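Everything numeric in this text was worked out from a predicted model, so none of it was measured. Atoms considered below: every heavy atom in the structure, side chains included; atoms not considered: hydrogens, waters and symmetry mates.
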Amino acid sequence: MKTSFNDQLDITRRDLMKGGMGAASLAAVSAGAAVPAAVTAASVAVTANAAQAQQHAASATVTQPATGIVMSPDYARTVAQMAYVWGWPMVNMINRRAAITQAPEPGHLNGVLPAAPRGQIAMLNDYIEPSETFVTCPNQDVVYGLGFFALDEEPVVIQVPDFGDRFWVYALYDARTDQFGHLGKPYGSKPGFYLLAGPRWSGLKPDGTTDVLRCPTSLANAIPRVFQDDTPEDRKAIQEVINQVVAYPLKDFDGEMKTIEWAKVPDIPGPASSGEETKWVVPDKFFDQFGEVLDTVDPLPGEEALYGQFRLLLDAASKDPELKKVLVATAVETEDKVIQPFFQWKHNGRPAGNGWNRSTNNAQFGVDYFNRTGTAKSNMFDNRPNETQYFYTDHDGAGGELSGSYAITFPAGQEPPVNGFWSLTLYNDKHLFHANDLKRYSLGTKNKNLKRNSDGSLTLYAGAKSPGGDKENNWLPAPDGKFSLYIRAYWGKEAILDGSWQPPAIEVAQ
């Protein structure tokens, strides 16, 4: 008997709720050798090789955490809290993959979200619908795609058509939500076939492929973004090029550009939306899945000690049911006290002026756990800073929470300086679109009918009530309650990158 997508997704969710930690072997805790602060250019390689050799030698002698210990609840609680904050984005990723790859073929989940089996992607054929709840802070400036891969087992070929002058970027993410590879208009990428491979794939670059892009983890996903004007003409013009945005396992590569008419792929029935983002991390079951993260995501340099402590924690909890209860209670508490506050923009990134914050280290987080986890909670799947800079706020220029009617004025010549495009998006209190009769969720480069002031400045309006008259072209409808505002600057110029450009103050509309 065939199983529907809904049934498969229910089974996946039940499996996630049941968990299955299993005992994980202890990882060696290695000690990094100190490298002199100042070295000549000629000695860099020698010094690095010597440091690496010392590190390998030290790892054989450094004492590893002892198993079979009696761990006190307070010690376990301390380590578990760090484990939860550190591992939250990666557990988030494996649960998204488990759900989306249940799709029997590339299509649109509930008609609104691209979904595909593992090793493939699906594309939308227009802006994403406001009913989307897979991820917070979507935008309506680009046509999106989405797919998840297991790149050690199954390298993937992703096609790049000739986009001409149109802005595009393929954001390729590893299991940590860091981007790998450089594929897009900001990088001057050429049309062709690009092979995505994992860290342990040992094959050779296939004939006919343009380049091999290595992901540092086996789990990976791709989210292509292709800019589209908000006009019927561009919606029509973009179809031919996005129909060539296709990905498939290496075994299916034949050197010929494949096409899929994304406007005609099937709608895949899925679970009904609750009106907020799907809960991808379940605190009660986090530590049942955490072992998979440690087993499949290699430590970054310097993280070996963390891995050792985390594995020790799982080992001790697997032998002591009462200690396991401590881990679960810690996860629930940490979700409430540490993770949830990240949903407020004032706790994300760094101040950008006039009451706004801006993203920091987005999609290249490394060991910046604060911004990695904050982004995963509030607006997962950012682009790199050079690809996109994000500015966001829940407050007006006077410090009051956004709830009412506001004016945002960009002085003449002071709109976000970009090589690509920019936009201002309005979200409800769930960081999702507010459905409205105008079907308008963002304003910016894509709009051809914005009204400028006599001095050349541009005033945009945000609020539940229309500003009336010709100002309505510049209006973002808001809910009656709280909302937030979000500026995207794609392919920013130097003033965006160095922080010298500041978003305008948000003023109460008169």
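- Side-chain polar atoms of Thr425 and Gln140 form no donor-acceptor pair below 3.5 angstrom.
- Ring centroids of Phe343 and His431 are separated by less than 6.0 Å, placing the two rings close together.
- Closest approach of Pro341 and His347 over heavy atoms only: O-CD2, 3.0 Å.
- Annotation: Tyr406 is not in aromatic contact with Tyr461 [ring centroid separation under 6.0 Å not met].
- In this structure, CD on Gln239 lies 12.0 Å from CH2 on Trp262, to the nearest 0.5 angstrom.
- Under a 3.5 Å cut-off, the side chain of Asp368 and the backbone N or O of Asn371 do form a donor-acceptor pair.
- In this structure, NZ in Lys482 is found 13.0 Å from CG in Asn428, a value given to the nearest 0.5 Å.
- Checked for salt-bridge contact, Lys446 and Asp234 miss the test: no charged N lies under 4.0 Å from a carboxylate O.
- Leu151 has its side chain within reach of Val156: a pair of non-hydrogen atoms, C-beta onward, lies under 4.5 Å apart.
- With contacts defined as side-chain heavy-atom distances shorter than 4.5 Å, the pair Pro199/Arg214 does not qualify.
- With hydrogens and angles left out, the side-chain atoms of Ser378 and Asn348 include a donor and acceptor closer than 3.5 Å.
- In the model, Thr133 has no side-chain atom that pairs as donor or acceptor with a side-chain atom of Glu277 under 3.5 Å.
- In this structure, Leu183 and Ile158 have side chains that are in contact, with non-hydrogen atoms separated by less than 4.5 Å.
- Remark: aromatic rings of Phe193 and Phe253 are close, center separation under 6.0 Å.
- Between Phe342 and Phe370, the distance separating the two ring centers is shorter than 6.0 angstrom.
- Residues Trp86 and Glu303 bring a donor and an acceptor atom of their side chains to less than 3.5 Å of each other.
- Checking Asp382 against Asn379 by side-chain atom types alone, a donor-acceptor pair falls below 3.5 Å.
- The shortest side-chain heavy-atom distance between His108 and Asn125 falls under the 4.5 Å cut-off.
- Ring to ring, Phe391 and Trp501 are close: their centroids are under 6.0 angstrom apart.
- The closest side-chain heavy-atom distance from Val135 to Arg96 is below 4.5 Å.
- We find that Asp298 and Arg200 are joined by a salt bridge, their nearest charged nitrogen and carboxylate oxygen being less than 4.0 Å apart.
- In this structure, Ile121 and Pro114 have side chains that are not in contact, with every pair of non-hydrogen atoms separated by 4.5 Å or more.
- Taking the centre of each ring, Phe134 and Trp280 come in below the 6.0 Å mark.
- Counting only N and O atoms by type, the side chains of Tyr390 and Asn383 include a donor and acceptor under 3.5 Å apart.
- In summary, Asp211 and Lys190 do not engage in a salt bridge, as defined by a charged side-chain N under 4.0 Å from a carboxylate O.
- Tyr486 is listed as a side-chain neighbour of Trp345, based on a closest heavy-atom distance under 4.5 Å.
- If you check the side chains of Tyr194 and Gln159, you find no donor sitting under 3.5 Å from an acceptor.
- Aromatic pair Tyr173/Phe381: centroids less than 6.0 angstrom apart.
- The distance from the CD1 atom of Ile223 to the OH atom of Tyr170 is 13.5 Å, given to the nearest 0.5 Å.
- Ion pairing of Lys346 with Asp394 is absent here, as no side-chain N (NZ or NE/NH1/NH2) approaches a carboxylate O to less than 4.0 Å.
- Under a 3.5 Å cut-off, the side chain of Thr209 and the backbone N or O of Leu195 do not form any donor-acceptor pair.
- Note on Glu292 versus Arg97: salt bridge recorded, some NZ/NE/NH1/NH2 to OD/OE distance being below 4.0 Å.
- Side-chain N/O atoms of Glu335 and Tyr84 include a donor and acceptor closer than 3.5 Å.
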Yes or no on salt bridge (charged side-chain N to carboxylate O under 4.0 Å, His left out) for Asp229 and Arg235, after CA distance, side-chain angles and deciding distance? CA-CA 7 Å; Asp229 282 345; Arg235 285 187 178 87; over 6 Å; no
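- Between Glu154 and Arg118, at least one side-chain nitrogen of the basic residue sits less than 4.0 Å from a carboxylate oxygen of the acidic one, meeting the salt-bridge criterion.
- Taking a cutoff of 4.0 Å between a charged side-chain nitrogen and a carboxylate oxygen, Lys251 and Glu153 do not qualify as a salt bridge.
- Side-chain polar atoms of Tyr127 and Asn139 form no donor-acceptor pair below 3.5 angstrom.
- Of all non-hydrogen atoms in Thr136 and Lys430, the two that sit nearest each other are CG2-O, 3.6 Å.
- Atom-to-atom distance recorded for Asn474:CG and Leu443:CG is 7.0 Å, nearest 0.5 angstrom.
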